[in-house]
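All heavy atoms count here, side chains included; hydrogens, waters and symmetry mates do not. The structure displayed is predicted, hence computed values, not measured ones. Note on naming: letters A, B, ... go to the chains in the order of the sequence lines (proteins, then strands), and numbering restarts at 1 for each one.
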Amino acid sequence: MHMPKMSNNSSSAYNGKVVESYLKAIQLIDDRVTPFLGKATTRALVQGAARRVSNQYSFLQFLEKMPYTEVVPAVITEQWGSISPQELSEGLQALLQECFVGLRELTGELIGPPLLDEVTRQLEQMP
Amino acid sequence: MESSVQPQSQATESAYRSFILQNGDGDRIIALRQQMEQLNTIGKRFVSANDRFQVHRALLATLQELYSFSACSILLKGEPFELSIIPRYPLTSSFLQAMVQSIARAANVVDFPGVSAQELAVVADLDAPDDLASPSGEFPSVATKIGDFLNIPLTVESRIIGILSLFDEHEGTFDTDLLQLTTMIADYAAVALENVRLRERERALWEEAEHERHRLELIISSMAEGLLITNAQGAITSLNSSARHLFALVEVDLQQMPPISLHQLAGTTRVNWLLDFAEIVDQALAGNIVMHKELIAGTNNETVPLTLSISAAPLHDANQTITRPIGVVAVINDITSIKQIEKLKDEFVSIVSHELRTPLTAIKGYTQHLIRRIERRLREVRQKQQSTGTLVEFPESYDLRSLNIVQSETEHLERLVSDLLDLSRVQWGELGLQYSSFYLADVLTERVRLAQVSAEQQAILLDIQTQDSRIVADQLRVGQILGNILDNAIKFSLPGKQVTVKLQEQDEEYLISVIDQGIGVSPESFDHIFERFYRIRNIASRQYSGIGMGLFVAKAIVEAHGGHINFSSNQGGGSTFYFTLPRVPRTSKLVM
């Protein structure tokens, strides 16, 4: 699975924009998957993905317990304020990839591939 | 397709169709009705499922109507996990293995506790439809390889309780429409499975409660103590066999009676102690706990009558919705055998005390005689020495001191013997006070004087503060009270400390206080200090002599006079024991 990488910006203020882009991508997955599998399943997918990537990206560990919809600017500052944009971008990208891995285990190739294309396009359009 | 909502008749159906068509939009409404009928059928299938196997049947029936597949499975969370595999037709073991691996991977990508394919293979249960059953247990291999699959989480109220999986040997079996339909069916199955789980839990809890109830019944029925439960009106609602036996001893057969209040029972059976029992129950119904209340249930002409010890406590509603007790639980102990032993012991103590008193009287008499002789002789010698002007310490003065100690100790021993004799008198209410009019201050002063020698031996300073105090009481017994309290005050004081006896008049009674600077009373002794044979042990590694009767007898005498006795701890150490005596007796039974 190939995902476009966000451009690297050393400014810590850039973290908010990186997070916002990926949260929107996850929101898009949520919107598309919910009609097929329900809201609870989508949330569980994200939490399961966070569990699998938190070994490598420990700053994503809190997402195992907290729904991604509750990630507001205050949480971003608290949890990710000290993470470099590069690392944050890589971690969120890994999270997104794991969401698609999860989706594939649930529904095979039914809804994952077209959704991946849509998410990729959205991320590419992000500033 | 199966449908549980069928038109009553062909005529009704055609009338319905013509109504719909006349009103336009007919096809849409007919389609809607068919969908609703189908949903209704599905719903009924799942709602009527009483166990998980019936849910499996309902699921299989519903899914089969929609599309073709090789097998489905249900994985449920729990300790351990439960995995039911429901094949539509025979599957190979490699197909089954691939199924289990797919289910394990799906479980691990959603918020599911970690589980491996090996673990699932161990718990997997093959719930094959009946038409697949084969006497040999072997099926011809048909489905060998998974072509397509769906793993749909089962959710109840946003909580994932398991995973519904569908597998088919052909590729491209499932599309997004089927996925949506299957998710809807999964919701039905999830609710049905949750209902089954709740019912099973309810049944397990009920069985557990029944088991506990049965166990409790066995314990209660095998208790040696009688146990009795009343309702809020004080009527006996249940009692164990021991309680029934105790009632039977006094010829009250509760088995033959409807629920009846103890007050009514007392009235109908003329058993006197039942009224006292009813009052104990009343106290518990008022919210109080009654501990070890003794009731004489036998007749007075028996050597030791049947004696019951009753404890009662209020029963409150388990939900605490009602503040008033909903009943009383009472425990009844037959303590007659204890009373028999106590009586034997009291008789023994009484006999021994009488036997000790005779030689003690002789020792005391001869000691007093010797003291007087030596005092007389010393007076004569001192008069002679004063006349000759030579003052020499005479050896008899040392003898006199020794004899005074003998006399003091004899009196102490006499008091102990008196206390022992009083024990049985107090026990059986035969104290027999001899009332007379006298000055209380004189009696107290005399008692302090008698204790002086013992106090001097321990370098304790005795002080007394009195006032005019005429009283009608038993003079000897009043002296005995102070003597017993003073003995303790001296015994538990350290050398150089002071013991003060204070007499005060208040209202219609006198207050006598004995204030010491001793070791005080430890909190664990508070409730027992006036009990018979209660002794303070091992305070600061020191053993104190005594038989634990002094305060018990003192209390009995004070209460027989209509007074009361108690103690308080002094600031800075020591304690004050105080008792009151009415100036004139409150009872009319005077023996002057």
Side-chain angles (χ1 to χ4, degrees), chain A residues 1 26 28-57 60-71 94-119, chain B residues 67 69 73 75 77 98-115 117 146-168 170-191 194:
Chain A
M1 188 180 295
I26 295 171
L28 182 62
I29 297 172
D30 200 344
D31 291 344
R32 297 290 182 266
V33 173
T34 297
F36 295 107
L37 293 174
K39 209 164 240 331
T41 300
T42 321
R43 303 286 158 85
L45 258 180
V46 179
Q47 285 170 340
R51 195 174 63 236
R52 293 195 297 281
V53 297
S54 60
N55 278 344
Q56 195 177 350
Y57 303 101
L60 293 173
Q61 199 169 19
F62 78 98
L63 282 174
E64 289 178 37
K65 300 289 174 201
M66 182 190 279
Y68 79 92
T69 47
E70 289 177 23
V71 180
L95 179 75
L96 208 56
Q97 281 174 343
E98 279 303 321
C99 285
F100 278 101
V101 168
L103 201 52
R104 190 177 185 284
E105 294 298 347
L106 296 184
T107 60
E109 304 298 328
L110 261 187
I111 51 177
L115 183 55
L116 177 61
D117 293 342
E118 197 175 354
V119 168
Chain B
Y67 46 81
F69 57 93
S73 73
L75 172 65
K77 273 184 183 176
M99 273 179 73
V100 170
Q101 281 165 2
S102 172
I103 296 163
R105 284 197 303 273
N108 284 308
V109 296
V110 289
D111 186 27
F112 223 77
V115 61
I146 292 175
D148 203 357
F149 69 90
L150 286 178
N151 286 304
I152 300 168
L154 295 165
T155 57
V156 175
E157 294 173 350
S158 301
R159 190 164 43 88
I160 295 176
I161 63 161
I163 294 176
L164 165 67
S165 304
L166 286 148
F167 299 93
D168 194 49
H170 306 293
E171 287 183 10
T173 302
F174 307 113
D175 59 23
T176 50
D177 289 335
L178 288 180
L179 173 61
Q180 276 183 313
L181 280 171
T182 311
T183 302
M184 285 161 65
I185 291 161
D187 286 344
Y188 276 105
V191 171
E194 183 69 355

For the residue pair B/N108 and A/R52, what are the closest heavy atoms and their distance?
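It is O-NH1, 3.2 Å.
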What pair of heavy atoms forms the shortest contact from A/L106 to B/A106, and how long is it?
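In this case the closest contact between A/L106 and B/A106 is CD2-CB, 3.8 Å.
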Just so I understand: if I count every heavy-atom pair under 4.5 Å between each of B/L150, B/L179, B/T182, B/L181 and chain A, which residue has the most?
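Highest number of heavy-atom pairs under 4.5 Å: B/L179.
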Can you tell me how far apart CZ (B/F149) and CD (A/E105) are? Round to the nearest 0.5 Å.
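Interatomic distance, B/F149 CZ to A/E105 CD, rounded to 0.5 Å: 6.0 Å.
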Pick one of side chain, backbone, both or neither for A/L37, based on which atoms fall under 4.5 Å of a heavy atom in chain B.
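Both backbone and side chain.
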With a 4.5 angstrom heavy-atom cut-off, is it the side chain or the backbone of B/T176 that approaches chain A, or both, or neither?
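For B/T176, heavy atoms of backbone and side chain both lie under 4.5 Å from chain A.
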Using the rule side chain to side chain contact (heavy atoms under 4.5 Å, CB included), only one of B/T155, B/N151, B/I152, B/L154 pairs with A/T41; which is it?
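The side chain to side chain contact (heavy atoms under 4.5 Å, CB included) with A/T41 is passed solely by B/T155 among B/T155, B/N151, B/I152, B/L154.
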Report yes if some heavy atom in the side chain of A/L110 is under 4.5 Å from a heavy atom in the side chain of B/D148; otherwise report no.
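Of all side-chain heavy-atom pairs linking B/D148 with A/L110, none is under 4.5 Å.
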For residues B/Q180 and A/P35, determine if any side-chain heavy atom of one lies less than 4.5 Å from a side-chain heavy atom of the other.
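Yes, close enough: below the 4.5 Å cut-off.
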